[in-house]
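Values reported hereafter were calculated over all heavy atoms of this structure, with side chains retained and with hydrogens, waters and symmetry mates removed. When a ligand or atom number is given, it counts from 1 through the structure's own listing order. Residue numbers run from 1 in the order of the sequence given.
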Amino acid sequence: MANWADWDHIVKIDPDKTLVEGETYEDVAATGTDAIEVGGTTGMTEEKMKRVVDACGKYDIPVYIEPSNPASVVHSDRHDGYLIPVVMNAGDVTWITGAHKEWIRIDDAIDWSRTFTEAYIVMNPDASVAAYTQADCDLDADEVAAYAEAAEHLLGQEIVYVEYSGMLGDTEKVAAAADILDDATLFYGGGIHDYDSARTMAEHADTIVVGDLVHDEGVDAVRETVEGAQDAHAATADR
Ligand SMILES: CC(C)=CCC/C(C)=C/CC/C(C)=C/CC/C(C)=C/COP(=O)(O)OP(=O)(O)O
Ligand SMILES: O=P(O)(O)OC[C@@H](O)CO
Ligand SMILES: [Mg+2]
């Protein structure tokens with residue numbers, strides 16, 4: 001049930017941040033994006049997570065919780081499932097299997113039928129997620145490709161996520177991950193802020209993830225990135 005195989009674009013809502021004044025989650029759902037992920041690294045609580053999931057879950061668009069720690073997982077019928085990160089290049093094993101073990105130990109309501117993993121490769125050393133996971137971000141394109149291949153073929157991951165949160169990534173490294181994958185879906189996130197940056201990254205990635213833009217600029221800017229992703233994928237399909 002790989003819903004994400006058809007997604008060009010995801011909006012990631014950080015429950016610790018607000019929308020632009022006058023905009024609603026309904027407006028976000030109407031941008032043309034294919035899914036909403038709810039998650040962030042810092043300032044996350046169960047209450048903030050629940051508020052956003054309940055608000056986004058009212059519209060006709062898939063909503064997935066992307067927890068950054070076991071305490072931010074909430075259960076509800078309002079959302080479609082859980083995308084659980086596993087950080088391939090984490091320096092602390094907590095973010096590879098440790099937090100997962102703790103979550104499973106303390107949560108007796110896990111619904112495995114709608115729980116999936118994302119194999120993250122964290123690339124921006126200045127992002128909170130890099131500090132949090134003590135990620136080794138000093139990777140050349142070969143190493144990024146090797147992590148992607150390990151994720152797909154050794155660990156059986158269906159989603160590989162090249163994460164440049166907060167900055168636009170190196171297209172050569174994103175392309176290296178894209179080229180090595182057979183069936184896994186490549187998510188790219190980080191610094192997408194307009195039509196061109198969306199289109200460029202979507203020329204390599206299957207799915208682009210737009211985060212800060214929705215909080216900083218709003219839904220009109222997000223809509224442009226949806227168009228960039230769709231146009232990139234339409235052009236690849238014609239080739
Ligand atoms: C096992 C469970 C339930 C949780 C652990 C899940 C793991 C391994 C989390 C590691 C961190 C991670 C990959 C979080 C995903 C969300 C994410 C990358 C948010 C963006 O982070 P930043 O942009 O750096 O943070 P802020 O925007 O909050 O500053
Ligand atoms: O906030 P931005 O830089 O758009 O990054 C999106 C996402 O990959 C963050 O987890
Ligand atoms: Mg961020």
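The minimum heavy-atom distance between A151 and A119, with the atom names listed, is CB-CB, 3.6 Å. When every heavy atom of D220 is checked against every heavy atom of R223, the shortest pair comes out as OD1-NH1, 3.0 Å. Of all the heavy atoms in S76 and Y82, the pair that sits closest is N-OH, 4.3 Å.
For ligand 2, the polar-atom distance check against Y120 finds no nitrogen or oxygen pair separated by under 3.5 Å. For a threshold of 3.5 Å applied to N or O pairs, the pair formed by V210 and ligand 2 contains no separation below that value. In terms of polar-atom proximity, L213 is not counted as a contact of ligand 2, lacking any N or O under 3.5 Å from an N or O of the ligand. For ligand 2, none of its N or O atoms has an N or O atom of S165 under 3.5 Å away. Residue K17 has at least one nitrogen or oxygen atom sitting less than 3.5 Å from a nitrogen or oxygen atom of ligand 1, judged on distance alone. Between K12 and ligand 2, at least one N/O pair is under 3.5 Å apart. Checked by distance only, ligand 2 and G166 come closer than 3.5 Å through their nitrogen or oxygen atoms. For the pair S128 and ligand 1, the shortest N or O to N or O distance falls below 3.5 Å.
In this structure the side chain of T97 never reaches within 4.5 angstrom of the side chain of K101, judged on heavy atoms. In this structure, V38 and P15 have side chains that are in contact, with non-hydrogen atoms separated by less than 4.5 Å.
Judged purely by atom type and a 3.5 angstrom limit, E23 uses its side chain to pair as donor or acceptor with the backbone of V219. Of the possible polar contacts, none joining the D136 side chain to the N89 backbone as a donor-acceptor pair under 3.5 Å is found.
The backbone of N69, and not its side chain, has at least one atom closer than 4.0 Å to an atom of ligand 1 (non-hydrogen atoms only; backbone = N, CA, C, O). Contact annotation: for W95 versus ligand 1, heavy atoms closer than 4.0 Å belong to both the backbone and the side chain.
Close approach of ligand 2 to E163 (heavy-atom distance below 4.0 Å) involves ligand atoms 7 (C), 8 (O), 9 (C), 10 (O). In summary, the atoms of ligand 1 found under 4.0 Å from a heavy atom of A127, numbered by their order in the structure, are 24 (O). Close contacts of ligand 2 with G191, meaning ligand atoms under 4.0 Å from a residue heavy atom, involve 2 (P), 3 (O), 4 (O). For ligand 2, the atoms lying closer than 4.0 Å to a non-hydrogen atom of Y161 are 7 (C), 8 (O), 10 (O). Within ligand 2, counting atoms from 1 as listed, the ones closer than 4.0 Å to a heavy atom of G189 are 8 (O). Against a heavy-atom cut-off of under 4.0 Å, D14 is close to the following atoms of ligand 1: 27 (O), 28 (O). Heavy-atom contacts of T42 reach the following atoms of ligand 1: 26 (P), 28 (O), 29 (O) (cutoff under 4.0 Å). For ligand 2, the atoms closer than 4.0 angstrom to any heavy atom of V209 are 6 (C). Close contacts between ligand 1 and Y132 involve ligand atoms 11 (C) [criterion: under 4.0 Å to a heavy atom].
Using a 30° and 60° split on the angle between ring planes, Y188 and Y164 fall in the tilted class, from 30° to 60°. Classification of the W112-W103 ring pair by plane angle, with boundaries at 30° and 60°, yields perpendicular.
The heavy atom nearest to atom 6 (C) of ligand 1, considering only P67, G166, G39, G43, is found in P67. Across the listed options N124, T41, D107, T41 owns the non-hydrogen atom lying nearest to atom 17 (C) of ligand 1.
Put simply, CE on M88 and CG on L155 are 5.0 Å apart, with the number rounded to the nearest 0.5 Å.
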Run T117 and Q157 through side-chain hydrogen bond (donor to acceptor under 3.5 Å, both in side chains) and show every step you take.
CA-CA 7 Å; T117 50; Q157 296 295 294; 2.8 Å; yes

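The nearest protein atom to atom 14 (C) of ligand 1, hydrogens excluded, is given as S68 CB, 3.8 Å; this is a heavy-atom distance. In terms of protein heavy-atom proximity, atom 8 (C) of ligand 1 is nearest to P85 O, 3.2 Å. Looking from atom 16 (C) of ligand 1 to the surrounding protein, the closest heavy atom is E66 OE1, 3.3 Å. Distance from atom 24 (O) of ligand 1 to its nearest protein heavy atom, with residue and atom name: V129 N, 2.8 Å. Atom 4 (O) of ligand 2 has G211 N, 2.9 Å as its closest protein atom, hydrogens excluded (heavy atom only). Protein heavy atom at the shortest distance from atom 23 (O) of ligand 1 is S165 OG, 2.4 Å. When hydrogens are left out, the protein atom nearest atom 1 (O) of ligand 2 is D212 N, 2.8 Å; that is the closest non-hydrogen contact. When hydrogens are left out, the protein atom nearest atom 18 (C) of ligand 1 is E163 OE2, 3.2 Å; that is the closest non-hydrogen contact.
Between the side chains of H193 and D216, not a single donor N or O lies within less than 3.5 Å of an accepting N or O. There is a side-chain donor-acceptor pair under 3.5 Å between T225 and H9.
Enclosure of atom CG in D138 is not indicated, since only 12 or fewer non-hydrogen atoms of other residues, nucleotides or ligands lie within 6.0 angstrom. Heavy atoms of other residues, nucleotides or ligands lying less than 6.0 angstrom from CD of E47 number 12 at most. Heavy-atom neighbours of K48 NZ from other residues, nucleotides or ligands within 6.0 Å: above the threshold of 12.
Residues W4 and F187 place their aromatic rings such that the two centres sit no closer than 6.0 Å.
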